[in-house]
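Since this is a predicted model, take the numbers as computed values, not measurements. We name chains A, B, ... by the order of the sequence lines, and we start the count at 1 in each one.
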There are 2 protein chains.
Amino acid sequence: MNDMHADDSTGSPRRIKSIQTASAILEAIQYLESPTFTDICNEVEISKGTVHTYLETLENEGFIAKSGKKYQLGVRLVTMGESVRNQTDIYRAGQDEVETLAEKTGEWVHLTVEYQGQEVTLYESSGDRAIAMDYHLRMRESPQYLYHTAAGKAMLACFDRERVREIIDQQGFVQRTEKTITDLETLFDELEQIQAQGYAVNDEEEVRGMRSVGTAITGPDATVCGAISVTAPTSRLSGDYFESEIPELVMEAANIIEVNLETAGVQKPR
Amino acid sequence: MNDMHADDSTGSPRRIKSIQTASAILEAIQYLESPTFTDICNEVEISKGTVHTYLETLENEGFIAKSGKKYQLGVRLVTMGESVRNQTDIYRAGQDEVETLAEKTGEWVHLTVEYQGQEVTLYESSGDRAIAMDYHLRMRESPQYLYHTAAGKAMLACFDRERVREIIDQQGFVQRTEKTITDLETLFDELEQIQAQGYAVNDEEEVRGMRSVGTAITGPDATVCGAISVTAPTSRLSGDYFESEIPELVMEAANIIEVNLETAGVQKPR
DNA sequence: ACGGGAGTTTGGTATATACAAACCTATATG
DNA sequence: CATATAGGTTTGTATATACCAAACTCCCGT
């Protein structure tokens with residue numbers, strides 16, 4: 001008695017359609033930066049009147065805010081986002097270590113997690129030599145493809161290969177630079193290597209002139225729960241520094257975070 | 001229990017009920033920290049089956065995440081929250097100045113905005129002497145009452161007194177310490193004083209042993225768009241330092257942010 | 001094995017939703 | 001100045017859908 005009205009996606013659990021619609025509208029607003037009413041109508045395929053009602057409601061609930069004629073996501077989401085971070089174990093366990101690593105290296109350090117096949121930045125810290133702010137802004141705002149970054153690849157390397165295949169099947173390969181990985185075979189080869197050496201590198205695969213080194217963080221239950229990475233311009237991140245010193249530091253940091261997670265888990269197992 | 005067409009304020013706009021319900025569920029999850037299914041059912045007065053459908057949908061959309069039997073807000077909210085901040089003028093215009101001020105003073109510095117009569121922290125930075133981390137965690141996560149904090153009072157002082165009255169009418173006075181303001185008259189008197197001297201202080205009114213100094217930030221259109229404050233233990237924040245040096249620094253920072261806002265507005269007037 | 005609490009699925013129905021089209025309201029256009 | 005046009009809001013209404021209750025499954029403790 002499974003399929004009655006063979007509908008979309010997995011199985012047929014009931015869903016609240018209005019929430020899906022609201023979600024689409026929020027996504028449109030986030031994507032379009034500061035869209036006007038009609039911008040939103042054009043993005044989502046819903047009648048004007050309906051969109052209007054949704055916007056009214058979302059604004060009333062604090063999910064969006066209207067300033068002048070433009071819509072934006074609302075500050076309530078800042079509060080909620082903060083709440084998520086503080087409840088996420090890896091954030092609490094890793095925040096200090098990210099800062100320490102940023103100070104040691106002087107570069108950008110990111111603490112990320114995987115979410116629905118993409119990479120989300122939970123926390124970041126910049127050392128005193130860190131550059132390319134714009135890029136990092138974008139990175140914080142929107143999820144990234146896992147195969148684009150060192151931290152992402154480090155997490156992929158821990159996943160079941162079947163799962164990796166599913167993620168890629170779903171997303172396809174998006175080429176960002178001439179060095180971006182664009183086929184499964186290359187990716188799988190690299191994942192093997194990452195597993196062997198314990199860390200991943202990103203050699204101008206996402207942004208030209210930028211390299212990074214990342215490694216996965218595993219929780220007490222032995223599953224990956226995130227990754228940490230150092231990012232810097234190729235000019236500074238090269239030679240022995242790139243190939244052994246930084247990887248060493250990154251792995252050390254990951255290790256400390258893992259220990260923190262372990263002890264945190266002991267403190268409140270429930 | 002509720003009146004049928006409970007339309008607040010303007011006219012009777014249509015609303016999507018499902019979004020309101022979803023919002024209530026999200027709020028419950030945030031409030032209850034890591035509730036189980038039944039916890040949520042008890043918090044919101046909706047039948048089990050319905051709650052189930054909502055949770056399925058919200059999880060599917062990334063607004064919440066289930067780990068084991070517990071529900072939490074989902075990482076999508078982190079991304080969205082970050083996006084809000086980066087699109088908020090005062091955040092972009094003030095971030096650097098907050099950090100500078102934190103370095104200069106060595107204490108906690110907060111950049112906040114008003115939202116529905118409450119105070120939301122957009123950004124914060126801690127100097128090297130900053131303490132009482134727990135308190136600041138809470139502060140970031142949940143909105144605060146404006147009359148509890150220096151930054152909040154600084155904003156209130158810029159509001160129309162009628163608006164202040166409305167906000168208080170709605171919220172009532174919640175006493176946190178023996179120094180908390182608990183009546184309108186005292187509040188209004190203080191607001192006058194704040195307007196006169198250009199900054200507000202919080203003398204252990206929210207947390208015992210903690211003082212702060214804050215001032216409002218006005219945008220190019222001459223409306224308040226936020227506030228900045230310095231917070232430190234009473235032992236360090238006293239005498240001339242408390243009464244003139246720090247206020248001086250805070251007002252200077254606010255001024256710089258206002259200039260940034262001005263020029264930012266000129267750059268892209270759209 | 002049994003009871004019961006926790007969570008999930010299902011049927012039916014009241015109603016909330018979403019469309020279309022009418023309706024305003026500014027801003028351009030002739 | 002009149003008119004056109006796009007941007008935004010409101011309303012009537014058929015129908016999709018959200019909601020409850022109750023049946024059901026699963027899991028845990030005894």
By salt bridge (charged side-chain N to carboxylate O under 4.0 Å, His left out) - contacts of [X] (at least two apart):
{"X": "B:Glu119", "result": "none"}
{"X": "A:Glu27", "result": "none"}
{"X": "B:Glu82", "result": "A:Arg85, A:Arg140, B:Arg85"}

Using side-chain contact (heavy atoms from CB on, under 4.5 Å) as the criterion, list what pairs up with [X], not counting sequence neighbours.
{"X": "B:Thr79", "answer": "A:Gln30, A:Val120, A:Pro143"}
{"X": "A:Val207", "answer": "A:Tyr135, A:Met210"}
{"X": "A:Asp169", "answer": "A:Arg165"}

How many Å lie between [atom1] on [X] and [atom2] on [N], as a whole number?
{"X": "A:His52", "N": "C:dA22", "atom1": "NE2", "atom2": "P", "result": "19 Å"}
{"X": "B:Ile40", "N": "C:dG7", "atom1": "CD1", "atom2": "P", "result": "9 Å"}
{"X": "B:Gln20", "N": "D:dC19", "atom1": "CD", "atom2": "P", "result": "11 Å"}
{"X": "B:Leu55", "N": "C:dA6", "atom1": "CG", "atom2": "P", "result": "16 Å"}
{"X": "A:Lys66", "N": "D:dT9", "atom1": "NZ", "atom2": "C1'", "result": "10 Å"}

For C:dG5, take OP1 and OP2 only and decide whether either is under 4.0 Å from a side-chain N or O of B:Thr38. no

Rounded to 10 degrees, the angle between the two terminal axes of the helix from C:dA1-D:dT30 to C:dG30-D:dC1, each from five pairs: 40°

Quick test of your reading: applying salt bridge (Lys or Arg N to Asp or Glu O under 4.0 Å), list the pairs with at least one residue in residues 38-54 of chain A, sequence neighbours left out, ordered by first then second residue. none

Atom pairs, protein N/O to nucleotides 28-30 of chain D N/O, distance under 3.5 Å:
none

Can you name the ring-ring contact (aromatic ring centres under 6.0 Å, His included) partners of B:Tyr91, sequence neighbours left out? B:Tyr123

By ring-ring contact (aromatic ring centres under 6.0 Å, His included), A:Tyr147 pairs with (sequence neighbours left out) A:Tyr145, A:Phe173

Closest nucleotide among C:dT8, C:dA6, D:dG7 to the B:Phe37 side chain: C:dT8

Check: protein-nucleotides 17-19 of chain C nitrogen or oxygen pairs below 3.5 Å:
residue, atom, partner, partner atom, Å
C:dT17, OP1, B:Lys17, N, 3.0
C:dT17, OP1, B:Ser18, N, 3.1
C:dT17, OP1, B:Ser18, OG, 3.2
C:dT17, OP2, B:Arg15, O, 3.3
C:dT17, OP2, B:Lys17, N, 3.0
C:dA18, OP1, A:Tyr54, OH, 3.2
C:dA18, OP2, A:Tyr54, OH, 2.7
C:dA18, N6, B:Arg14, NH1, 2.7
C:dC19, OP2, A:Ser47, N, 3.1
C:dC19, OP2, A:Ser47, OG, 2.9
C:dC19, OP2, A:Thr50, OG1, 2.9

Pair A:Ser18, A:Thr21: side-chain N/O donor-acceptor within cut-off below 3.5 Å: no

Ring-face cation of B:Arg76 near A:Tyr115 (centre distance under 6.0 Å, axis angle within 45°): no

